[in-house]
Amino acid sequence: AQSVTQLDSHVSVSEGTPVLLRCNYSSSYSPSLFWYVQHPNKGLQLLLKYTSAATLVKGINGFEAEFKKSETSFHLTKPSAHMSDAAEYFCVVSPNFGNEKLTFGTGTRLTIIP
Amino acid sequence: NAGVTQTPKFQVLKTGQSMTLQCAQDMNHEYMSWYRQDPGMGLRLIHYSVGAGITDQGEVPNGYNVSRSTTEDFPLRLLSAAPSQTSVYFCASRPAAKNIQYFGAGTRLSVL
């Protein structure tokens, strides 16, 4: 069994300040973890993925996430927010390679204050 | 390179009507999936396919049918639409050798 909890449904930050979007997971096996971003009226785009290699994962647009097994967390960060980062972000867990039954978190809406 | 293409973008149906949501991908991906997105619930898997002629159920398959006659196309059929099927539907594909999903732009469906 697996589950994902995104701890904040909405996060607001000022432009130029750090972003932290929190995600906790539970899984009975070594998971693959992903962050996807969805801009308004668009499909989902992969930001980054963790698949049991380096625990600090770098993604596109300056985002990164750290896999912490002891805390079962996979938080998404960015040092300096940009207006174009305003979107919905989804944390996703996959039980193993090749399994289509992804489990999505409920999403975190990121608002950037000018 | 179009990626994953979904049509239509918007659709309004009356209860009991049938329709097919189209999904096509031009990346020669083996795996294709359909998800629905509802407020506050993230995305949930409806059906998926690991190759032409092979389909399987996901988390919320009731009320939906799929078939996969070609690698490129994976249509989702609603045989008798219900208001509970009002949602945004996403199609995704991925290559067998890579665990990364590529999503279409979605179809927003309203059932009255």
Side-chain angles (χ1 to χ4, degrees), chain A residues 1-10 21-27 29-53 57 59-60 65 74 87-109, chain B residues 2-10 21 23-25 27 29-51 54-61 66 68 74 87-108:
Chain A
Q2 59 186 21
S3 66
V4 176
T5 302
Q6 291 185 243
L7 299 168
D8 306 292
S9 59
H10 192 191
L21 305 183
R22 298 181 295 165
C23 172
N24 286 350
Y25 71 92
S26 91
S27 177
Y29 26 65
S30 295
S32 293
L33 292 159
F34 309 82
W35 277 98
Y36 280 86
V37 61
Q38 184 181 27
H39 288 93
N41 300 314
K42 301 288 186 183
L44 280 74
Q45 180 186 17
L46 180 69
L47 272 180
L48 50 82
K49 64 172 181 173
Y50 165 78
T51 53
S52 77
V57 182
I60 62 172
F74 190 58
E88 186 102 17
Y89 292 79
F90 292 95
C91 182
V92 182
V93 62
S94 171
N96 52 48
F97 187 89
N99 191 308
E100 300 313 286
K101 297 183 179 179
L102 305 179
T103 298
F104 284 76
T106 53
T108 298
R109 181 167 299 278
Chain B
V4 179
T5 303
Q6 291 184 236
T7 55
K9 294 190 185 307
F10 303 95
L21 280 62
C23 176
Q25 52 95 6
M27 298 174 282
H29 288 171
E30 293 86 351
Y31 293 4
M32 296 185 75
S33 304
W34 276 103
Y35 294 85
R36 60 178 289 172
Q37 183 181 28
D38 300 297
M41 299 190 73
L43 274 70
R44 292 181 292 169
L45 181 65
I46 304 171
H47 286 286
Y48 66 98
S49 169
V50 300
I54 306 170
T55 64
D56 203 352
Q57 296 182 348
E59 182 184 356
V60 287
V66 292
R68 184 98 179 270
F74 191 44
S87 187
V88 181
Y89 291 85
F90 288 98
C91 179
S93 73
R94 74 168 182 89
K98 200 172 183 182
N99 195 12
I100 296 175
Q101 300 272 358
Y102 295 82
F103 286 85
T107 294
R108 188 174 296 274

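To find a chain, count down the sequence lines: A is the first, B the second, and so on, and within it residues start at 1.
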Seminar exercise, completed: Under 4.5 Å to a heavy atom of chain A? For B:Glu30 that would be neither

Exercise. What is the distance from atom OH of A:Tyr36 to atom CZ of B:Phe103, rounded to the nearest 0.5 Å?
Worked result: 5.0 Å

For this session: Could you tell me the separation between the CD1 atom of B:Ile100 and the OG atom of A:Ser94, rounded to the nearest 0.5 Å?
Result: 11.5 Å

Exercise. How long is the gap from OG1 on A:Thr103 to CD on B:Glu59, to the nearest 0.5 Å?
Worked result: 7.0 Å

For this session: May I ask you to name which of B:Met41, B:Arg44, B:Gln37 has the most heavy-atom pairs under 4.5 Å with chain A?
Result: B:Gln37

Exercise. Which bit of A:Leu46 is near chain B, if near means a heavy-atom gap under 4.5 Å: side chain, backbone, both or neither?
Worked result: side chain

Problem set entry | Neighbour count above 12 (heavy atom, 6.0 Å) for B:Arg108 CZ | no

Exercise. Side chain, backbone, both or neither: which part of A:Lys49 has a heavy atom under 4.5 Å from chain B?
Worked result: side chain

Problem set entry | Contacting moiety of A:Gln38, where chain B heavy atoms sit under 4.5 Å | side chain

